[in-house]
Structure formats: C-alpha cells, structure tokens
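Here is the structure we will look at, set down as structure tokens.
Sequence lines set the chain letters: A, B, ... in the order given, protein chains first and strands last, and positions in each chain run from 1.
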There are 4 protein chains.
Amino acid sequence: MSARAAGGDKQSFIEQARRAQIVASAIKVIAEAGYGGASLSLIAEHAGISKGVISYHFTSKSELMEEVVRRILKEVVEFVVDSVKDEASATAVLRGQILAVAGHMRERPAEIMALHEISSNMRAPDGSLRYGIEAAEEILRLLEGIYEMGHHTGEFREFDRRVMAVTHNAAVIDMFAYWATHPGHDLDAHAAELADIFVRATRKESPA
Amino acid sequence: MSARAAGGDKQSFIEQARRAQIVASAIKVIAEAGYGGASLSLIAEHAGISKGVISYHFTSKSELMEEVVRRILKEVVEFVVDSVKDEASATAVLRGQILAVAGHMRERPAEIMALHEISSNMRAPDGSLRYGIEAAEEILRLLEGIYEMGHHTGEFREFDRRVMAVTHNAAVIDMFAYWATHPGHDLDAHAAELADIFVRATRKESPA
Amino acid sequence: MSARAAGGDKQSFIEQARRAQIVASAIKVIAEAGYGGASLSLIAEHAGISKGVISYHFTSKSELMEEVVRRILKEVVEFVVDSVKDEASATAVLRGQILAVAGHMRERPAEIMALHEISSNMRAPDGSLRYGIEAAEEILRLLEGIYEMGHHTGEFREFDRRVMAVTHNAAVIDMFAYWATHPGHDLDAHAAELADIFVRATRKESPA
Amino acid sequence: MSARAAGGDKQSFIEQARRAQIVASAIKVIAEAGYGGASLSLIAEHAGISKGVISYHFTSKSELMEEVVRRILKEVVEFVVDSVKDEASATAVLRGQILAVAGHMRERPAEIMALHEISSNMRAPDGSLRYGIEAAEEILRLLEGIYEMGHHTGEFREFDRRVMAVTHNAAVIDMFAYWATHPGHDLDAHAAELADIFVRATRKESPA
DNA sequence: GATGAATGAGACTTCATTCAT
DNA sequence: AATGAATGAAGTCTCATTCAT
C-alpha cells in the first residue's frame, strides 16, 4: 500500500484532481441509482476510469463515501451559514434560510440526493447507521441557533428548539424529495409556503 | 408452483402462518439491518427456517417486500383513519392525528422503520424507486383531507394544502427517525410540540 | 416407501391412470420446453396435480423419463413394424416405411420430439448418455431388416447395411426436425423425395 | 465493466488468451458432460481457474455459449469451403465434402459434439431454441450450392435441393454421432459408403 | 500512478426429493 | 392415494478488494 492512504500532509495535484473526479462521479451515480445501486463499477464507468483507480485513491468504498459526505456537508453548511449571516431579525433569518436552501437545492440536486442516500443507508460494520446522528447534528445545531436568536430577541414564542429544528430540517429535506420526485412541482412556491408555515409556528401570540 | 400463486381466496392455515411469520421476520431484519442488509439468508435465519422456505412461499424477494409494504401500509392507514374519525373540529383532528401516530410509532417502531427503508430504497428493475410516489400519495391525500376540512369549516387560514401535507408528513416521519436514533428522546412530548406547531401554522390570524 | 416402487405384479386402475397422465404431461412439456426445461414442477402444473404426486408414482425423475421412453418407443416400433408388414418387395417396404413414418410424425409430433430430446440429453449418474446406443439400436435393427430383405431378394446393390440404416434413420429424424422448425414445410413432399433418394441409393445398377 | 464489453477492435493479449482458454474448456466440458451438465463450475474447474474469471471475461453464460458457437462454426464453415474449392465436377465436390468433413470430425470431435449440443439445447429467454434455424441454415445453403452446381452442369437428376441438403446434413452429423457412440466404428469407411449413397441418389438416370 | 485481471464471498433462485398429514 | 410444506444442494451472477505489471 502506498503512502496516499495516510491521507496526511501533501497530496499531489493529480491525487487531488483524481479524488475530486471520483467523488463527483460517486455523487452523480448515487443520486441516480441510489446508495444500494452505486457500485464501484458504475462509479468508475461514469468517471471513465478503471475500477482499480478508485481502490488506489481510496482505501475502501467506505472511505470514498465518507469523503463524499464530507465534501457535500462542508458545502451545504457553508452555504447555510452564508445565506443568513446578514439578516437582522430572527424571523428574517428563518425565512431567508428556507428560501436560500431551496435555491441551493435547485442548483445542486445531486449533492442533496446523494447526501440523503448515504446518510440514510450507509452502515458501519456493526450494522448501525454510519451517519445516524452526527450528520444531522451539525445542521440541527445551526437551526437551533436561529431559534435561540429569536428567543433571545423575543421575536419567537416559547417552544422546544430541538423539536422545531428537527421539524424544520425534515420539512426542508422533504420539500426537496417531493420536488425530486415530482419534476413539475414549483420549488420556490413551496419554499415560500414553508417559510410562512415556520414563521407562523414560531412567532409570538398576537396580542389579545 | 404452490397454491398461493393462484392468489386464490383460500390459503391453508399453515401457508398463512408461514407467510405471516416470514413477513414478521423480514420487518425485524429490515428494521435492524436496513433494506440493503436484509438478505434472504438473514431473514430465514431470524425466522429459524431454511432459505428455501421463503422461496417456496414467495415467488421472489420483491414479492416478499411488496407483501411487507402492503401489510404495514394497511395497518398504518387503518390506524390513522381510525384515530381521527371521532374528532369534531379540524383542529382536533390535526392534533389528534399527530398524537395518535406517535403512539402507533411507539408501539410498532419496526414496522415504521421497515416501511421507511423499503419505500426509500426498493427499486424496480428499471432502476426507478418502486414506491416513489404512490406510497406517499395515499397518506398525503389523507392529510390533505384534514386541511380541506379545516378550510371548509373556516378554522384554517388559506394555504397550499399539498405543501402543508408534505411538511406534516415529513415532520411526523422525522419525529420517528429522531426518536429511533435517540432512544432517550421523549416521543410524546415531541408529538405534543409538533401538534402545537401545526395548529399555529394552520389557524386563522388572531383578530387584531 | 410404498409397494408401487417395485413396479411389480398388480397396479391398481388409479395407479395406471395416474402414471399414464403424468407420462402424457411429461411428453408435452418436454416437447415444448426441451429436456432441460422439463422440471417436475412444470410437468405437475401441466397435469394439474401437485409435484408430490409424481414422486409418489415414480421413484425418481429418471424413472419417469424411462417410462416415457418405453411408451413412446413401444408405440413407434409397433407402428413401424405394422406399416411395412404387408409390403411385398423390399423396395416397397423401404418406400412405405418412410412415408408411413412421416405420417406418424404428423400425428404425434410431441412424442417424436420428446423421444429425441430425452435420448439425446438424458444422462446416467456417471455422465454417459442414458440412451446412447440402445434406443437407436432397436430401430436400426429393424431398418437393417429391410435392407437384408433387399439383399436377399437381389433388389438392392451391395452396401454396408449398418451405414445405410444409420443414414436412413438420421434422414427420417431430421426430416421431422426440419418440419418441426419450419411449420410451413411440406412434410409429405419431403417424405416422397426422401423415399426416392433411398430407393436410388439402394437399387442395383441399371443394366448397361 | 472491462474493455471487452465495448466490443472494440483491440483486446489485450491476455484477454484474448483467457477467452480462448475458457472457450476451449467449455467445448471440452460440453462434449463430455452435455449442454445441461456444463456448469460454469465445471468449466472453470476444467480450465483451472476460479468461477469468477468466467464472469469477468463473459457477460453471461449465454455470451460464452454464443462465442463457443461462433468459433466452432467459423472453423467448420471455413474447413468445408476449403475442402471442396478445388474440385472440378459437382460429383467430386459432393464426394469430397463428405470425406473431408469426416476427416475434420476425426480431428475435432469435441468441437462437433459441442456445436451439436449447444444448437440442439440452448434456448432463448422466451423458451425457443437459440440456434434453431439460422445455425443450420448457413450449412444448408452451402450444401445446396453443391447441388445447384450439379444441376447446372447436368450431372445431377432433378430433385428438391432443400430436401437433399437436409438429408445430407443429417447423414453427416449422424455419422459423427454414431462414431462418437461406437468408438470402434470405422469413420472413414462410413464416409466412403455415405459418399456412394449420395452420389447414387443424385446422379442422372443411366441411359436406357 | 494506473490498469486489467483475478478472486471469493455472498446474493437470489430453481429444483428434485423427502416427509408428515 | 395425495398434498402441501420444507429442505439443501447447486446454479448464475454481482461485487469489493487485491495484485502483478
């Protein structure tokens, strides 16, 4: 086995390019064929390389999948954080986040699909879901941050932030899933409706 | 070919019992090992029978999976319909449905897990998701029925019923997923919070 | 195991009828699906009985196949013998046999097909063809009898009777095979041509 | 998927060698164990390789079988054509073809056996014989060519060329089959007798 | 760095056969 | 006499992984 496996200090340019190419192919194949259907053969074929190349650059299929998740998650989180950093009120952040994520989904459906496929299917050797908790956790914390802000500013009524975050996350992901399954569906209109739903669900009671 | 294939009205008692036993084992194995990990070997082992028995009672693995879905879906839909049929207002139906489903999930987690696994992973020979749209559609229609009622009675504000139903469904499923992943999580409290969320999201504006 | 296996003295009427029914179904299935495709399931299904019945009446699949061969061969040989017994000259017998066999083939194609399938495919446990030599041998002897008669009467020129019989048999069987594959082919015209061929191939030289 | 699938012009040397080796093993196993007995296990064992190697070089068992047929048929047809191309009269071609084919059969019995096994047993997914008509058709046309020549030159009497070709083909094949079953049989003597038979069956009537 | 080639485990399925009822 | 049920071996195929070149 060569030094690459250590993944350590310096990766050559070719090394980086190849890994990126393989990851990109993996994302597309997973998005199309599902986690279960994404064999190394298919990924290699999509990338126009031989199967052995993948094994050369990745210790195992698991490592490839983990790299895929890492890249997508990084991108998504960066995007989410970025999309709300300039909003002033918690309500605006809330609404902005939903609309922005919808925009991101429209631009990168394969990534979102692949992330979903892997995190709901990939398992550790012991049979447990590899990304059971952690994968969502990072995003849940970001969402909870929005609600904490609203609670702090007094914009939002009292509610369990974890439950709201789980619900929020589910609603956004399934908006995507529904859109992916129903090509004609209007994603932006859906997002706008969804934003309404959460604004109403979180805001303080109207004064009597 | 055995009598079952004819699909005729009467199956022997043993036939019914075996099919039920195999379906039950399949549900447990899928819930534990995931759709991809649920091999006929594992299912047979769990049922304490030989692999051939499954092939004897089911034409193919697909047929077994479809039977699993059919049984669970029937149970779930019956339950959902039953749980709300006596409520008077749409708001009560809405709240009641969420609480009742949570109760059902607490009682039958494996079924819900298996249904989710199969419907998000099983694919037709052509590569498309076997239960892509139709499976959810039935439930979405039921949920839309609740919102239609609320619109009719004037309890609910105007909103897109399909978006609300998709969101509602996602929220409930992910409540389950979160609970399944976090054993210590309080499912009933989550359900109560969720009911609040949807009641607020759907109700008419408070008068100024 | 019951007494039936011994095949001995007395078989009940039902026993006989069942065996005949199963043999008949086997013949049809083999003719349609080939020896390799003729599973006990298919045969049972065709007969409208359960698979177990076959095992009840026949010790093994081999025994069933042997019974099939026995019945068909008996019928064919009787027919062949019968069809030529009244002819006076060897030439007439030769011509008559070919025409008569063609007629028989038209009436019982499944039997001929099945006989051919079994004798060219069924193997003994040691891997050798079960009906390699004997099956054809009986027929070859009958054909040699015709040539011997012609040699005795002086109608036929000198030739190797075994080679002629093998050729004759092959020609007749392949006439059937060609007809079976080409439904529009004129079997009777073929037989007439074939008779001409063998009459010319066997007759004494025309005097100079 | 390996390069072979593309069907491209160039296969690596190893690829070609392996395919040839596997085809050769397949031929021997089929000749010995019959089409039905020729499992991939047996073929791999005979070749001294693992089962997976066959799957690596051939998409499916069908593809292997088709390659086997292609190679044998090519060889046989080339041989037949070659063996008669220098003969002057149709009668000489006829006699020469039979003797030459017998010689070829003596040299390559396994090929002939395998070709016969596959073409009479291999079936398409729909149950019809894979090589029902076309396989024989090519050879029948070649034989008809001989008769057409004899008709054209006036050497042969009038007869149905298709019937004669079918008979000729059957006679030659069964000569082989008889020899294969009866090791002591004199193949060359048989061929000589057979040539006599067809010369007599086709020649013009002796002048009165 | 990259590839083709090979492997062996494991998946699904079919099938002849056995057995209790 | 018949059946449904069960078995286990064997078959074909897929796949992640390893290795020599």
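For the side chain to side chain contact (heavy atoms under 4.5 Å, CB included) test, residues two or more places apart in sequence or in another chain that qualify with A/S60 are A/S62, A/E63.
Nucleotide E/dC12 holds its C1' atom 19 Å from the CZ atom of B/R123, rounded to whole Å. Distance, D/R19 CZ to E/dG4 C1': 15 Å, rounded to whole Å. Rounded to whole angstrom, the span from the CZ atom of C/F58 across to the P atom of E/dT18 amounts to 16 Å. Look at CD1 on C/I54: it is 15 Å from C1' on E/dT18, rounded to the nearest Å. Atoms CD1 (D/I14) and P (E/dA5) sit 6 Å apart, rounded to a whole Å. Rounded to whole Å, atom P of F/dT12 lies 15 Å from atom CD of D/E63. Nucleotide F/dG11 holds its P atom 15 Å from the CG atom of D/L64, rounded to whole Å.
Interface residues of residues 35-45 of chain D facing DNA chain F, ordered by number: D/S39, D/L40, D/S41; criterion, heavy-atom separation under 4.0 Å.
In this structure, OG on D/S128 lies 13.0 Å from CD on C/E32, to the nearest 0.5 angstrom. Here the straight-line distance linking atom CG of C/N121 with atom CG of C/L129 works out to 8.0 Å at 0.5 Å rounding. We find the CD1-CE distance between C/I118 and C/M113 to be 11.5 Å, quoted to the nearest 0.5 Å. Atom OH of C/Y35 is separated from atom OG of D/S120 by 13.5 Å, given to the nearest 0.5 angstrom. Note that CD1 of D/I30 is 5.5 Å distant from CD1 of D/I43, once rounded to the nearest 0.5 Å.
Within the structure, a side-chain polar atom (N or O) of A/H57 is placed less than 4.0 Å from OP1 or OP2 of E/dA2. Listed pair D/Y56 / E/dA5 meets the phosphate criterion, a side-chain N or O lying under 4.0 Å from OP1 or OP2. Checking the phosphate oxygens (OP1, OP2) of F/dA6, a side-chain nitrogen or oxygen of B/R18 falls inside 4.0 Å.
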Side-chain atoms of residues 45-53 of chain B: list all donor-acceptor pairs with protein atoms under 3.5 Å, sequence neighbours left out, distances to 0.1 Å.
unit_1, atom_1, unit_2, atom_2, d
B/H46, ND1, B/S25, OG, 3.2
B/S50, OG, B/G52, N, 3.3

Which pairs would a plain distance check flag for residues 64-74 of chain B, meaning a side-chain donor or acceptor within less than 3.5 Å of a matching protein atom at least two apart in sequence or in another chain?
unit_1, atom_1, unit_2, atom_2, d
B/E66, OE2, B/R130, NE, 2.9
B/E66, OE2, B/R130, NH2, 3.2
B/E67, OE1, B/R19, NH2, 3.2
B/E67, OE1, B/R70, NH1, 2.6
B/E67, OE2, B/R71, NE, 2.9
B/E67, OE2, B/R71, NH2, 3.0

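Between D/I49 and A/S50, the residue anchored nearer the 5' end of DNA chain E, judged by the nucleotide with its closest heavy atom, is A/S50. Of the two residues near DNA chain E, B/K51 and C/S62, the one whose nearest nucleotide lies more 5' is B/K51.
Considering all non-hydrogen atoms of both residues, D/G37 and D/L42 come closest at O-CD2, 3.4 Å.
Secondary-structure annotation of DNA chain F gives the stems E:2-21 with F:2-21, with a stem taken as at least 3 successive Watson-Crick or G-U pairs whose two distances both fall under 3.5 Å.
Comparing E/dT13, E/dA5, F/dA1 against the side chain of B/K61 picks out E/dT13 as the nearest.
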- Message: Set out, in order, the CA-CA distance, both residues' side-chain angles and the distance that settles side-chain contact (heavy atoms from CB on, under 4.5 Å) for A/H57 and A/I22, then state yes or no.
- Response: CA-CA 9 Å; A/H57 290 282; A/I22 293 168; 4.3 Å; yes
- Task: List the steps and the verdict of side-chain contact (heavy atoms from CB on, under 4.5 Å) for C/K61 and C/L40.
- Result: CA-CA 8 Å; C/K61 193 183 183 184; C/L40 291 187; 3.9 Å; yes
- Decide yes or no on salt bridge (charged side-chain N to carboxylate O under 4.0 Å, His left out) for B/E117 and A/R123, but give the supporting numbers first. CA-CA 13 Å; B/E117 280 289 322; A/R123 294 185 176 246; 3.8 Å; yes
When you compare the protein's N or O atoms with those of nucleotides 19-21 of chain F, which come within less than 3.5 Å of each other, and at what distance?
none

